[in-house]
2 protein chains.
Amino acid sequence: MKSWFHLNPHSGIPMYLQLKEQIKTAVAGGALHPGDRLPPVRELALTLTVNPNTVARAYSELEREGILSAEQGRGTFVSGGEPLLREEERRVQVQSLIDKVLVEAFNLRITGDQLQAIWEERLRAWEKRLQR
Amino acid sequence: MKSWFHLNPHSGIPMYLQLKEQIKTAVAGGALHPGDRLPPVRELALTLTVNPNTVARAYSELEREGILSAEQGRGTFVSGGEPLLREEERRVQVQSLIDKVLVEAFNLRITGDQLQAIWEERLRAWEKRLQR
DNA sequence: GAAATTGTATCAAAACATTAATACAATTGG
DNA sequence: CCAATTGTATTAATGTTTTGATACAATTTC
């Protein structure tokens with residue numbers, strides 16, 4: 001449980017977004033489990049040499065998204081339970097993300113077959129990391 | 001070839017991005033074909049009640065991406081020919097988009113099976129629109 | 001060749017987003 | 001109960017992006 005995250009102040013991507021992304025990836029990939037406690041905002045801010053507000057923003061946006069759960073005085077944790085949105089809404093979100101991928105892919109002149117192959121490859125890669 | 005695009009100034013998404021997105025979708029979906037001419041920047045700017053620079057920005061970014069092709073004095077056209085990036089690079093781009101979808105999906109607690117079903121459904125939906 | 005049409009370039013203004021400084025509030029631990 | 005720990009809220013400073021005004025350049029049309 002050491003130096004998980006690292007931020008690049010010059011990447012052009014806001015640091016709070018970099019952190020959000022890394023936390024989401026860690027959760028999806030099984031490096032963080034429901035109930036795990038994240039470092040306090042000030043502590044993580046120190047190790048990342050970043051303003052505490054930057055960490056706080058990442059945490060609180062992830063809480064709004066139902067991925068973390070914060071309790072004042074106690075800490076911030078990976079949340080396990082029920083999704084915030086109902087099935088239908090989550091489905092729609094994923095659909096629209098996938099539609100974006102399809103538009104991009106076709107504009108990149110990727111064929112349906114190539115696309116399908118990449119999809120299967122990536123899905124397999126993630127399934128491995130998920131079945132812990 | 002009428003009122004294709006419409007922009008919402010209050011959506012929170014910059015208008016030049018909305019326009020880019022709509023053009024990309026039209027191209028991917030077969031509403032616009034290689035060689036088709038787009039309206040002149042000033043004309044489209046009028047119909048969308050937007051500054052000409054806004055349209056020009058969308059056009060020129062899409063040109064950089066190899067989707068449109070502009071010629072001063074003549075107009076702007078949907079480009080048909082070879083992709084700008086080589087196979088490998090395009091593959092990587094699509095891969096990373098798909099990885100983002102997977103992370104989002106798993107954080108939304110969508111199961112692999114559900115995800116696979118949505119993928120197949122959307123791919124079929126687009127394939128229909130593409131085989132013209 | 002001149003006027004019209006079209007995309008391009010430059011620069012500034014306005015809007016927006018990110019980061020920072022600081023203070024507040026709830027919980028825990030002794 | 002008091003100090004320490006932790007997340008939250010407010011506000012300002014800074015930085016970045018988007019939009020707009022205007023002028024320029026290439027091509028077409030007559």
Side-chain angles (χ1 to χ4, degrees), chain A residues 1 4-24 27 32 34-79 84, chain B residues 1 4-24 27 32 35-79:
Chain A
M1 200 161 170
W4 282 337
F5 312 123
H6 70 303
L7 305 182
N8 177 358
H10 308 299
S11 76
I13 297 167
M15 290 188 294
Y16 81 96
L17 283 182
Q18 294 180 45
L19 181 54
K20 277 183 71 176
E21 177 64 28
Q22 288 175 33
I23 293 172
K24 278 179 164 179
V27 171
L32 283 173
D36 283 356
R37 188 184 181 215
L38 291 163
V41 290
R42 289 166 184 79
E43 182 185 318
L44 187 52
L46 269 180
T47 71
L48 298 177
T49 56
V50 115
N51 190 286
N53 288 339
T54 301
V55 176
R57 179 165 183 184
Y59 281 9
S60 72
E61 293 198 2
L62 289 171
E63 187 179 19
R64 267 199 313 98
E65 296 175 27
I67 290 164
L68 300 181
S69 159
E71 301 168 51
Q72 197 155 342
R74 298 205 55 233
T76 301
F77 304 85
V78 177
S79 55
L84 288 172
Chain B
M1 198 165 175
W4 282 337
F5 312 122
H6 69 301
L7 305 183
N8 177 357
H10 307 300
S11 76
I13 297 166
M15 289 188 294
Y16 81 96
L17 282 182
Q18 294 180 43
L19 181 54
K20 279 184 70 177
E21 177 65 26
Q22 289 175 32
I23 293 172
K24 278 178 162 179
V27 171
L32 283 173
D36 283 355
R37 188 185 182 217
L38 291 163
V41 288
R42 290 167 183 77
E43 182 185 320
L44 186 52
L46 270 180
T47 71
L48 297 178
T49 54
V50 119
N51 190 286
N53 288 340
T54 301
V55 176
R57 179 164 185 186
Y59 281 10
S60 73
E61 293 198 2
L62 289 170
E63 186 179 19
R64 267 198 313 97
E65 296 176 28
I67 290 162
L68 300 181
S69 160
E71 301 169 51
Q72 197 157 342
R74 298 206 54 234
T76 301
F77 306 85
V78 178
S79 54

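Convention: sequence-line order gives letters A, B, ...; per-chain numbering from 1.
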Its 5'-most and 3'-most nucleotides having an atom under 4.0 Å from a non-hydrogen atom of chain B, DNA chain C is contacted over C/dT6 to C/dA9
Test item: B/Y59 and B/P39 side chains (from C-beta on) under 4.5 Å apart, heavy atoms: yes
Side-chain donor or acceptor of A/S79 paired with backbone N/O of A/G66 under 3.5 Å: yes
Whole-Å distance, B/Y16 OH to D/dT19 C1', equals 11 Å
Rounded to the nearest 0.5 Å, the CG atom of A/L68 sits from the NZ atom of A/K24 at a distance of 10.5 Å
Whole-Å distance, A/N51 CG to D/dT8 P, equals 15 Å
Within-4.5 Å side-chain heavy-atom neighbours: B/I67 and B/V78 | no
The answer to which of B/A56 and A/T54 contacts DNA chain C further toward the 5' end, by nearest nucleotide, is B/A56
Taken to the nearest whole Å, NZ/B/K20 to C1'/D/dT18 is 13 Å
Taken to the nearest whole Å, CG/A/L46 to C1'/D/dT5 is 14 Å
In short, B/N51 meets B/N53 closest at the heavy-atom pair OD1-N, 2.8 Å
Separation of D/dT18 atom P from B/N53 atom CG, nearest Å, is 14 Å
List, one per line, each side-chain donor-acceptor pair under 3.5 Å for residues 12-23 of chain A, sequence neighbours excluded.
unit_1: A/Y16; atom_1: OH; unit_2: A/R57; atom_2: NH2; d: 3.1
unit_1: A/Q18; atom_1: OE1; unit_2: A/N8; atom_2: N; d: 2.9
unit_1: A/Q18; atom_1: NE2; unit_2: A/N8; atom_2: O; d: 2.8
unit_1: A/Q18; atom_1: NE2; unit_2: A/S11; atom_2: OG; d: 3.0
unit_1: A/Q18; atom_1: NE2; unit_2: A/I13; atom_2: O; d: 2.6
unit_1: A/K20; atom_1: NZ; unit_2: A/E61; atom_2: OE1; d: 2.9
unit_1: A/K20; atom_1: NZ; unit_2: A/E65; atom_2: OE2; d: 2.8
unit_1: A/Q22; atom_1: OE1; unit_2: A/H6; atom_2: N; d: 3.1
unit_1: A/Q22; atom_1: NE2; unit_2: A/H6; atom_2: O; d: 2.9

- Message: Please confirm whether the shortest side-chain N or O distance from B/R57 to OP1 or OP2 of D/dT19 is below 4.0 Å.
- Response: no
Open item on the list: Would you say that A/L38 contacts A/L44 through its side chain, given a criterion of any heavy-atom pair below 4.5 Å between the two side chains?
Closed with: no
Assign each of A/V50 and B/S60 the nucleotide of DNA chain C bearing its closest heavy atom; nearer the 5' end lies the nucleotide of B/S60
In whole angstroms, the gap separating C1' of D/dT5 from CZ of A/R42 amounts to 8 Å
A/H10 NE2 to D/dG15 P, in whole Å, measures 13 Å
Taken to the nearest whole Å, CD/A/E43 to P/D/dT5 is 11 Å
The residue, A/V41 or B/Q72, whose nearest nucleotide of DNA chain D is more 5′ is A/V41
